[in-house]
Amino acid sequence: MPAVSAHAPGKTILCGEHAVVYGQPAIAIPVTQVQARAVVVANPRGSANQIRITAPDIHLDDFLENLPESHPIRQLLTNLQNSLQLPHFPAFDLRVTSTIPIAGGMGSGAAVSVAIVRAVSTFLGRPMTNEQVSSLAFEVEKSYHGTPSGIDNTVITYAHPIFFIRGQPFESLHVCQPLTFLIANSGIKSETAAVVSDVRQAWQNDPHRYEALFHAIGTLTVQVRRRLERGPTEEIGGFLTANHQLLQELGVSCTQLDKLVDAALSAGAQGAKLTGAGRGGNILALVNEENIAAVSTALRNAGATNLYLTNLMPATSEVEK
Ligand code: MEV
C-alpha cells in the first residue's frame, strides 16, 4: 500500500484573540507558507496496534503504547479510534514533520492534529469530514489549553479566512481587495495555555474591567470584518493597532512584541499588533507594495527572528463544510 500523506497550514489571528474565549468574535486567517505534515505507511508484518511514531521536531521516535496517555498524539489517536469505532488499529508507521514554529502562536499543535487525523483516517479507508477533523483536533486543544475557543483548529482545518464566535458555526470571509500581512516572530516561545489562564485569573479578579476590554475588542473586530468585506480597507490598519493597545491593557503583550509593533508602524505599516496568545510568538503588520521592504528591514533590525508573508485575496469559491 502506498504512503498516505496529509498536511495542514499554520494560522494567524487578525483580531479578537483572548476576547474570543469570552464569546466575542475574532477573525483568523491561514498561513500556508508554513505546514504540518503527517505520512502514514502500512507495516504489513506488524501486529495490531503496533504504531511507530517519529516526529523529529520534538525528538520523538517511539511506539504509541509507550507514550503517556496524556501525550497529545496518543490522545488524538485514541479519540480517532473511538470515533471510528475500531476494535484496534492495523500496524503502521506515522511520521510527523512541521515547519510551523512550536509555541510561536501559529497553531503548530492544532495543525499537527489536523494533519494526523486526515492522514490516518484516509489510510484506514475512512476519510473524515472537515467537521470531524476539526472536532478531534479541538478535543486535544481542550486538554492542553484548558479553555480554547476553537478558533485555531477551525481556521487550520478549513484553511480559509474565518469570522468566528465560540460555540457558533463559523462564517467564511471574502475580502473585497487583496491585502498583505507580514508576520514577524519575536523568537520568544509562549505557551498559549499559560497566557489564557493568566487572563482568566485577571478577569476573575476584576470582571468589570476585563469584560469592557473584551467587548471593545469584539466591537473593533466587527468593524474590521465590515472593512475587509466592503472597504474601505485603508481603515483596517488603525483598528489593528487599536486592538494591540487593548491587548496591552489585557496584559498579554511584552517589551519585544511592543518593540516589533512600533518598528513596523514607524517604517510605514498601516497597522500592527501582536497575534495569538501574546507574551511572545508573533506580531502581524498590514503592509503594501510600497512599504513592505522597509517594514521587513525594520522588523529584522528590531530583532524579528523570522518573517512570513501572507496574502488575503478576493475569493471566488465557497469553503467545503
Ligand atoms: C490563540 O491562538 C488564541 C486565543 O484567543 C486562545 C483561543 O482562542 O483559544 C489566545
Side-chain angles (χ1 to χ4, degrees), residues 8-31 34 36 72 98 100-114 134-171 181 183-186 188-203 210-211 213-218 220-221 224 240 243-244 246-254 257 273-284 308 310:
K11 64 88 197 171
T12 191
I13 297 198
L14 218 53
C15 50
E17 52 273 270
H18 288 292
V20 68
V21 174
Y22 299 84
Q24 295 293 334
I27 296 171
I29 61 177
V31 181
V34 286
S98 174
I100 308 173
I102 294 171
M106 293 179 89
S108 63
V112 162
S113 292
V114 167
S134 185
S135 140
L136 283 172
F138 186 47
E139 288 309 309
V140 174
E141 294 278 289
K142 278 200 275 196
S143 65
Y144 274 79
H145 292 185
T147 55
S149 61
I151 193 169
D152 288 8
N153 49 288
T154 304
V155 66
I156 286 168
T157 300
Y158 290 87
H160 194 276
I162 58 168
F163 180 84
F164 182 93
I165 298 177
R166 183 179 190 161
Q168 296 186 15
F170 73 90
E171 292 176 66
F181 296 93
I183 300 167
N185 196 306
S186 64
I188 302 169
K189 289 197 189 307
S190 165
E191 291 300 335
T192 300
V195 190
V196 169
S197 150
D198 286 354
V199 172
R200 180 161 294 273
Q201 187 73 55
W203 166 67
Y210 278 79
E211 268 152 38
L213 288 170
F214 297 146
H215 186 263
I217 292 173
L220 179 154
T221 299
V224 171
L240 299 184
N243 192 170
H244 183 70
L246 291 165
L247 289 162
Q248 285 175 318
E249 287 189 51
L250 278 186
V252 298
S253 193
C254 65
L257 291 175
K273 64 180 279 291
L274 73 83
T275 173
R279 302 249 178 91
N282 297 297
I283 67 121
L284 67 80
Y308 309 90
T310 193

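Note that ligands are numbered from 1 as they come in the structure, with each ligand's atoms numbered from 1 the same way. Fair warning: this is a prediction, and the values are worked out from it, not measured in the lab. The basis for the numbers below is simple: all heavy atoms, side chains too, and nothing from hydrogens, waters or symmetry mates.
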Heavy-atom closest pair, residues Ile151 and Ala26: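 Of all heavy-atom pairs spanning Ile151 and Ala26, the closest is CD1-CB, 3.6 Å.
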Side-chain donor-acceptor contact under 3.5 Å, Ser108 with Ser98: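 No pair is found: no donor N or O on one side chain lies under 3.5 Å from an acceptor on the other.
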Distance dump, ligand 1 polar atoms to protein, N/O, under 3.5 Å:
unit_1   : atom_1 : unit_2 : atom_2 : d
ligand 1 : 2 (O)  : Lys11  : NZ     : 2.7
ligand 1 : 2 (O)  : Asp152 : OD1    : 3.0
ligand 1 : 2 (O)  : Asp152 : OD2    : 3.0
ligand 1 : 5 (O)  : His18  : N      : 2.9
ligand 1 : 8 (O)  : Ser149 : OG     : 2.6
ligand 1 : 9 (O)  : Ser149 : N      : 2.9
ligand 1 : 9 (O)  : Ser149 : OG     : 3.4

From Asn282 atom CG to Lys273 atom NZ, the distance as rounded to the nearest 0.5 Å: 10.5 Å
Residue pair Ile27 / Phe164, side-chain heavy-atom distance below 4.5 Å: no
Aromatic plane relationship, Phe170 with Tyr158 - under 30° parallel, 30 to 60° tilted, over 60° perpendicular: tilted
Other residues, nucleotides, ligands: >12 heavy atoms within 6.0 Å of Glu249 CD: yes
